[in-house]
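One structure, pasted below without further comment.
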Amino acid sequence: MWKEELRRLLLKPLPPFDFHLMARQAELSPWKFDGRGIIRVERIRSGRVITIFIESDGTVISVGFSDLKISRRDIEDIREKLEWCLAVSEDLQPFYDLAKNDKFLRKAVSDVRGYRILCDPTVFEGAVKAICNQNTSFKMTKIMVRNLVEKYGGGAFPCPRTLTEASVAGLKECKVGYRAEYIRAISRLDLETLKSTSTEEARRALLKVKGIGPHTAALILQRGLRRYDSFFIDLWVRRLMRRLYFNNEAVSDSDITKYAEQNWGRYRGLALQYLLMDMKNLM
DNA sequence: ACCCAGGCGGTTT
DNA sequence: AAACCGCATGGG
């Protein structure tokens, strides 16, 4: 599968770039991590489904395709998607400068230097996955997403139209439970336009959608829209933040949010991701 | 059997 | 606005 002659596309990320750390996050279908690199299944213009193999030596990202009969146009589509998902042209220097003033961030940046969030290609995909993440274990989330991808996408992530036409009963066969109605509802919206709005505007729009609350909105902003100023609090974040920045005192969530806003500003979401990635070294 | 899992919407205080 | 409850589903 990972054959030299299938290699078709090279991407040159702005350094520093840690591909392996990002690859570890390729857990939800149709992303996959096989120990060597990232695999993703995509549907191309002809309707055919192809597998994309992505690996990196740390300097260059090389992309191979399972099918050699793929048009120039399809390759350009995929290049564009991957450049977005992998944040190929992201300059993290402003964040690293900010991190120098923070004892724990400094350590995290040194430990997981070059890490960027692996984003989903579409806001829609990010939103469906975020909804599948609600009130369940990550293991269950993986099953739900995999079922949706198999049943409605033939291995690729289903397009919104397909889910719009799906029945609630059909969706429930994917074990998404009460989330079926939410998923169907968001498949009718055009979420992609949010990419060109401000984070606050996008957040307000997302919160108006039935089934999307503060936590889900924050996840969508992070993984579907790559907004580094999207901060959220859950059990792990609460524990981490209290331990590192509040001397383990039982401070409120709003205190934590305020701290992040004041100290990390527009990078508070990314700062959080760095801390979470390096949690084992920090706690 | 019971409770919980990286929420959310709706209803009741 | 804060506290409570039901929700689908599978795992411990």
Side-chain angles (χ1 to χ4, degrees), chain A residues 21 24-29 31 108 115 117-120 123-152 163 166-189 191 202-245 250-260 268-280 282-283:
Chain A
L21 282 168
R24 270 172 37 197
Q25 303 224 315
E27 294 180 276
L28 290 180
S29 180
W31 294 110
Y115 165 72
I117 296 169
L118 178 68
C119 281
D120 291 319
V123 184
F124 174 67
E125 180 173 331
V128 171
K129 288 176 177 178
I131 285 174
C132 291
N133 203 25
Q134 289 172 190
N135 192 32
T136 192
S137 63
F138 190 57
K139 184 177 179 177
M140 225 11 238
T141 302
K142 284 200 258 191
I143 293 171
M144 293 181 213
V145 174
R146 197 195 29 176
N147 290 344
L148 290 170
V149 165
E150 289 311 312
K151 177 166 181 186
Y152 292 106
L163 295 191
S167 68
V168 171
L171 288 167
K172 282 189 176 174
E173 285 173 18
C174 298
K175 303 300 174 191
V176 297
Y178 64 93
R179 300 167 192 81
E181 316 227 10
Y182 299 158
I183 291 169
R184 213 165 79 97
I186 65 160
S187 70
R188 296 169 187 279
L189 308 174
L191 298 174
R203 183 171 172 276
R204 272 200 299 269
L206 287 169
L207 287 175
K208 281 185 192 153
V209 179
K210 192 172 165 180
I212 298 179
H215 185 262
T216 305
L219 282 187
I220 297 170
L221 289 168
Q222 275 201 356
R223 305 201 296 228
L225 286 147
R226 192 177 292 290
R227 298 306 167 93
Y228 291 158
D229 52 346
S230 172
F231 189 86
F232 65 90
I233 295 184
D234 60 30
L235 204 69
W236 285 103
V237 174
R238 202 172 290 127
R239 249 174 57 187
L240 178 92
M241 292 295 292
R242 282 178 180 175
R243 174 88 70 91
L244 299 186
Y245 296 100
V251 293
S252 70
D253 288 357
S254 72
D255 286 340
I256 295 174
T257 304
K258 206 174 298 171
Y259 183 92
R268 57 192 185 275
L270 188 62
L272 179 60
Q273 283 305 314
Y274 265 74
L275 294 175
L276 288 171
M277 284 298 287
D278 200 35
M279 195 156 58
K280 63 178 192 308
L282 296 171
M283 293 183 65

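Only heavy atoms go into these numbers, but all of them, side chains included; no hydrogens, no water, no symmetry mates. So that the names make sense, note that chain A is the first sequence line, chain B the second, and so on, each numbered from 1.
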A/His215 vs A/Ser137, nearer the 5' end of DNA chain B by closest nucleotide:
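First, find each residue's nearest nucleotide; the 5'-ward one identifies A/Ser137.
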Measure from CZ on A/Arg179 to P on B/dG7 and round the result to the nearest Å.
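Nearest whole value for this atom pair: 9 Å.
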Dump every N/O contact between nucleotides 9-13 of chain B and the protein below 3.5 Å, one line per pair.
| unit_1 | atom_1 | unit_2 | atom_2 | d |
| --- | --- | --- | --- | --- |
| B/dG9 | OP1 | A/Gly211 | N | 2.8 |

In whole Å, I'd like the distance from the CG atom of A/Asn133 to the C1' atom of B/dG6.
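In whole Å, B/dG6 C1' and A/Asn133 CG are 6 Å from each other.
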If the P atom of C/dG6 is compared with that of B/dC4, how far apart are they to the nearest Å?
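Between the two P atoms, the distance is 14 Å.
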Hey, does A/Thr216 reach any base, or is it just sugar-phosphate, or nothing, if we go heavy atoms under 4.0 Å?
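Since only primed, P, OP1 and OP2 atoms lie under 4.0 Å of A/Thr216, the category is sugar-phosphate.
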Just checking A/Gln25: does its CD atom have more than 12 heavy atoms from other residues, nucleotides or ligands closer to it than 6.0 angstrom?
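Yes, CD of A/Gln25 has more than 12 neighbouring heavy atoms, counting only those of other groups under 6.0 Å.
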Atom CZ of residue position A/Arg268 - does it have more than 12 heavy atoms of other residues, nucleotides or ligands inside 6.0 Å?
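Yes, the 6.0 Å shell around CZ holds more than 12 heavy atoms from other groups.
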Grab the CZ-C1' distance between A/Phe232 and B/dC8 for me, whole Å please.
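One finds 17 Å between C1' of B/dC8 and CZ of A/Phe232, rounded.
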Could you go through the side chain to side chain contact (heavy atoms under 4.5 Å, CB included) check for A/Phe138 and A/Leu28 one step at a time?
CA-CA 10 Å; A/Phe138 190 57; A/Leu28 290 180; 4.0 Å; yes
Taking ring pair (Phe, Tyr, Trp, His ring centres under 6.0 Å) as the test, write out the residues that go with A/Tyr274, two or more places apart.
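So A/Tyr274 forms a ring pair (Phe, Tyr, Trp, His ring centres under 6.0 Å) with A/Phe95, A/Tyr115.
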Rounded to whole angstroms, how far apart are NZ on A/Lys142 and P on B/dA5?
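Roughly 18 Å, once rounded to whole Å.
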Give the rounded distance in Å between these two atoms: CH2 of A/Trp236 and P of B/dA5.
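Rounding to the nearest Å, CH2 of A/Trp236 and P of B/dA5 are 11 Å apart.
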Students should find this one: the first and last nucleotides of DNA chain C, 5' to 3', lying under 4.0 Å from a heavy atom of chain A. What are they?
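Terminal contacting nucleotides, 5' to 3': C/dC7 to C/dG10.
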Could you state the NZ-P distance from A/Lys129 to B/dG6, rounded to the nearest angstrom?
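Value for this atom pair: 18 Å.
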Expressed as a whole number of Å, how far does the P atom of B/dC3 sit from that of C/dC5?
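Roughly 12 Å separates the two P atoms.
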For the pair made of CZ in A/Phe138 and C1' in B/dC4, what is the distance, rounded to whole Å?
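So the two atoms are 18 Å apart, to the nearest Å.
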Cut-off 3.5 Å, no hydrogens considered: what does the side-chain donor-acceptor table look like for residues 169-176 of chain A, sequence neighbours left out?
| unit_1 | atom_1 | unit_2 | atom_2 | d |
| --- | --- | --- | --- | --- |
| A/Glu173 | OE1 | A/Lys151 | NZ | 2.8 |

Going by an N to O cut-off under 4.0 Å, is there a salt bridge joining A/Lys129 and A/Glu125?
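Salt bridge between A/Lys129 and A/Glu125, a charged N being under 4.0 Å from a carboxylate O: yes.
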Contacts table for residues 130-137 of chain A: side-chain donor-acceptor under 3.5 angstrom, sequence neighbours left out:
| unit_1 | atom_1 | unit_2 | atom_2 | d |
| --- | --- | --- | --- | --- |
| A/Asn133 | OD1 | A/Thr141 | OG1 | 3.4 |
| A/Gln134 | OE1 | A/Thr216 | OG1 | 2.9 |
| A/Ser137 | OG | A/Met140 | N | 3.2 |

Can you sort out the partners of A/Tyr245 under ring pair (Phe, Tyr, Trp, His ring centres under 6.0 Å), two or more places apart, ordered by chain and number?
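For A/Tyr245, the residues satisfying ring pair (Phe, Tyr, Trp, His ring centres under 6.0 Å) (neighbours in sequence not counted) are A/Phe104, A/Tyr259, A/Trp264.
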If you pin A/Ile143 and A/Tyr178 to their nearest nucleotides in DNA chain C, which one's is more 5'?
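Residue closer to the 5' terminus by nearest nucleotide: A/Tyr178.
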Could you give the CD-to-C1' distance, from A/Gln273 to B/dG6, as a whole number of Å?
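My rounded result for the distance is 12 Å.
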P atoms of C/dA8 and B/dT11, separation to the nearest Å
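Here C/dA8 and B/dT11 have their P atoms 15 Å from each other.
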Decide whether A/Arg226 and A/Tyr228 meet the rule of one side-chain donor and one side-chain acceptor closer than 3.5 Å.
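Per modelled atom types, A/Arg226 and A/Tyr228 side chains form a pair under 3.5 Å.
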